[in-house]
Amino acid sequence: MAYTEEELKKELETKEYEYGFYTDIESDTLPKGLNEEIVIAISKKKEEPDWMTEWRLEAFRAWKEMEEPEWANVTYKKPDFQDISYYSAPNKKPKYNSLDEVDPELLDTFKKLGISVDEQKKLAGVAVDIVMDSVSVATTFKKTLAEKGIIFCSISEAIQEHPELVKKYLGTVVPKKDNFYAALNSAVFSDGSFCYIPKGVRCPMELSTYFRINQAGTGQFERTLVIAEEGSYVSYLEGCTAPMRDENQLHAAVVELIALDNAEIKYSTVQNWFPGNKEGKGGVYNFVTKRGLCEKHAKISWTQVETGSAVTWKYPSCILKGDYSIGEFYSIAVTNNFQQADTGTKMIHLGKNTKSTIISKGISAGQSQNSYRGLVQVNSRAENARNFSQCDSLLMGNRCGAHTFPYIEAKNKSAQIEHEATTSKIGEDQIFYCNQRGIDTEKAIALIVNGFSKEVLNKLPMEFAVEAQKLLEISLEGSVG
Amino acid sequence: MLEIKNLHASVDDKEILKGINLKVNAGEVHAIMGPNGSGKSTLAEVIAGQEEFEVGEGSILLEGEDLEELSPEERAHKGVFLSFQYPVEIPGVSVTNFMKTAINESRKAQGLEDMPANEMLKKIREKSEMLEIDRKFLSRSLNEGFSGGEKKRNEIFQMAMMEPKLAILDETDSGLDIDALRIVANGVNKLRSKDNAIIVITHYQRLLEYIVPDYVHVLHDGKIVKSGTKELALELEEKGYDWLKEEAAV
Ligand SMILES: Nc1ncnc2c1ncn2[C@@H]1O[C@H](COP(=O)(O)OP(=O)(O)OP(=O)(O)O)[C@@H](O)[C@H]1O
Ligand SMILES: [Mg+2]
């Protein structure tokens, strides 16, 4: 029987759902505002078990009593939490009918990033014919993972299919009441990823949310849970270099990583939310709680390249609970125009002989403010804990700011903590030197910035690193007049 | 090749170059000498297009084309190369990567494709051997932690890679040890041809024994006060600048 094109599309869509790359939600948008009924409604719509509904409600009740944090070095107009709709079905209707209708500036950026036309359409929200190819890639991908016992699906699917795992680990690293945004997320999260690597398994490929984002658009309150069983390894890539525009101004994600004995998790993020226009209007507020727990001899590395958002508030952290566990944080944060970023990390040393490394590279241009805020905490029983922190700031022009706030709390005398910080400026003489060699100013800045960020770029998986480099270039375009 | 006519340049209303005239033909080597602060580096940088300096009167022509409206990178694309007196450091950018970028940017300006990787490698190998540069050196960050002499040798390596029409070497000899001076000077000599021209700025006659100039000019207080052949350098070595200063004052 010959398929009509419509039927083929339908068939492929349901297949995708089967493979978990879609979170299929039938309903539309819930009314604005947040109260217990809304929380229950979200849980109902997702057909969650009672324990999950109860969990959300507890989070909501805690959140109601909490206050929005004020300590970060950012200023913004606070969102009105009752003016947000906390649930809306993924927008299946394409926003545009063809690429011609899309903002040419956005398309230009896509081109510079080397994104294929099909992908450009998906990212911009243009109607696309479903490409056979991407479905089959996803299928092979799923199959390889399944053979190894690896679970990689949406968090909603995990709640349905693997409730024992979700119940055991959800909220163990970032408790429901951890902070204002985490509590909010716990109450209302509607999408996100779940990943489970069985004992002794090395995940054979980089797990990437890119797959899922491409198709469904990111959620406003994402929830990610990664569990690496004893002796397993996984490298997880989050985000996407393409600029993500979103009508939702507030984003509050929670990411929890659990590395059991001898396990290793590498978590790399490239984040490029819309930063707002040159006057600083309309950008995304990104308030994220990311934390990992290391058991004995386990290792967690956070690597991030942040170029987007109007306001970023983000501190990927490691709890080094097990003896000999290792935490690493490598970060590049770029701010331009009117962006504000307050990012950094927390390394909590609980176990003996635990080790942490922090390399933070902040690049500020325009009138932006870029703050590093880091806490190294060594508990009394953490014998021989070691930390090395290095925070480098690069300034472009005279109107931007870089700030470093390192906090150290050492309760064990054997702790060795080293902190280095530098601030430099891109010098006119460096630019002239490059110009003299035939390199124009824009390219010269890209070169200097890439050089400055090299230690961190080197930590990214190869493909991601190349994209990230291009992204750095683009985000600083026009920053020197 | 290069023709400078009555060139005046100033910074913060302070005039540094006060009417320079200089003509350099293809195939020639000119040496510029002169006391500290006389304006030698300024002249070099003005030719290269350093915007810090305000060019008042006068003009600079490269192969008949006025450079005034051209940016430093456009001048570089036209074949102007400056070996800096004080090369700057660019942390995290390897010598190789820097050269690759520089060459490809120039090619792009000429409407050419990027240089194929194997060709680039071959060139790097060839030029680094000529200047006796250890390959490990090329993966280090540009000029970062380089010794004074290493920086200068690296400048000439870049010149060799870029194959400029007009090369200006600003005190390339200072900081080089005796052996390095010979190696670098030999390298420069190999790059000499009937199609390009070199301007060497130096304080010492020694360099000119290796890179033999066709003409020697003395710059004093922003003006060329004397021009001659290579014998002038010997005379200066012997007598210093005082006699010229006196002459100029009259
Ligand atoms: N950016 C600047 N601002 C102020 N004065 C400057 C600037 N650049 C150069 N000068 C001045 O111009 C004069 C010429 O400087 P220049 O560097 O050209 O001398 P030079 O002949 O190369 O000297 P040297 O032999 O010491 O290298 C000096 O008095 C110097 O102080
Ligand atoms: Mg000088």
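Every chain is numbered from 1 and lettered A, B, ... according to where its sequence line falls, protein lines coming before strand lines. What you are looking at is a predicted structure, and each value in this text was computed from that prediction instead of being measured.
Neither the backbone nor the side chain of B:Asn104 comes within less than 4.5 Å of any heavy atom in chain A. Contact of B:Tyr86 with chain A is not made at all, since no heavy-atom distance falls under 4.5 Å. Only the side chain of B:Leu142 comes within contact range of chain A, with at least one heavy atom under 4.5 Å from a heavy atom of that chain. Proximity to chain A is absent for every atom of B:Glu51, based on heavy atoms less than 4.5 angstrom apart.
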request  = Check the pair A:Asn450, B:Asn97 against side chain to side chain contact (heavy atoms under 4.5 Å, CB included), reporting the backbone distance first and the verdict last.
outcome  = CA-CA 11 Å; A:Asn450 275 323; B:Asn97 185 18; over 6 Å; no
ask   = Given the rule in the side chain to side chain contact (heavy atoms under 4.5 Å, CB included) test, do A:Ile448 and B:Val93 qualify, once you have shown the distances and angles that lead to the verdict?
value = CA-CA 7 Å; A:Ile448 294 166; B:Val93 178; 5.7 Å; no
ask   = Stepwise, does the side chain to side chain contact (heavy atoms under 4.5 Å, CB included) test hold for A:Ile439 with B:Ser106?
value = CA-CA 8 Å; A:Ile439 301 165; B:Ser106 292; over 6 Å; no
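B:Thr101 has its side chain out of reach of A:Cys434: every pair of non-hydrogen atoms, C-beta onward, lies at least 4.5 Å apart. Put simply, the side chain of A:Gln430 reaches to within 4.5 Å of the side chain of B:Pro91, judged on heavy atoms. Looking at heavy atoms from C-beta onward, B:Glu105 lies in side-chain contact with A:Lys443 at the 4.5 angstrom threshold.
In the displayed structure, B:Lys78 atom NZ is contacted under 6.0 Å by at most 12 heavy atoms of other residues, nucleotides or ligands. Within 6.0 Å of NZ on B:Lys100 lie no more than 12 heavy atoms contributed by other residues, nucleotides or ligands. The number of heavy-atom neighbours closer than 6.0 Å to CD of B:Glu113, taken from other residues, nucleotides and ligands shown, is 12 or below. The neighbour count for B:Glu144 CD, taken as heavy atoms of other residues, nucleotides or ligands under 6.0 Å away, is above 12. Surrounding NZ of A:Lys346 are at most 12 heavy atoms belonging to other residues, nucleotides or ligands under 6.0 Å away. For B:Glu54, the CD atom counts as loosely surrounded, since its 6.0 Å shell holds 12 or fewer non-hydrogen atoms of other residues, nucleotides or ligands. No more than 12 heavy atoms of other residues, nucleotides or ligands shown are found within 6.0 angstrom of CG on A:Asn398.
Classified by interplanar angle (parallel below 30°, tilted 30° to 60°, perpendicular above 60°), the ring pair B:Phe84/A:Tyr433 is tilted.
The backbone N or O of B:Leu82 lies less than 3.5 Å from a partner atom in the side chain of A:Arg437, making a donor-acceptor pair. In this structure, B:Glu73 contributes its side chain and A:Phe432 its backbone to no donor-acceptor pair below 3.5 Å.
Here B:Pro72 is the residue among B:Ala109, B:Ser71, B:Pro72 with the most heavy-atom pairs under 4.5 Å with chain A. Taking B:Ser94, B:Gly49, B:Ser141, B:Ala102 one by one and counting their heavy-atom pairs under 4.5 Å with chain A, the maximum is reached by B:Ala102. Contact count against chain A (heavy-atom pairs under 4.5 Å) is highest for B:Gln158 among B:His77, B:Gln158, B:Arg75. Contact count against chain A (heavy-atom pairs under 4.5 Å) is highest for B:Gly92 among B:Gly92, B:Ala48, B:Pro164.
Scanning all heavy atoms of the two residues, the minimum distance from B:Ala76 to A:Gly438 falls at CB-N, 3.4 Å.
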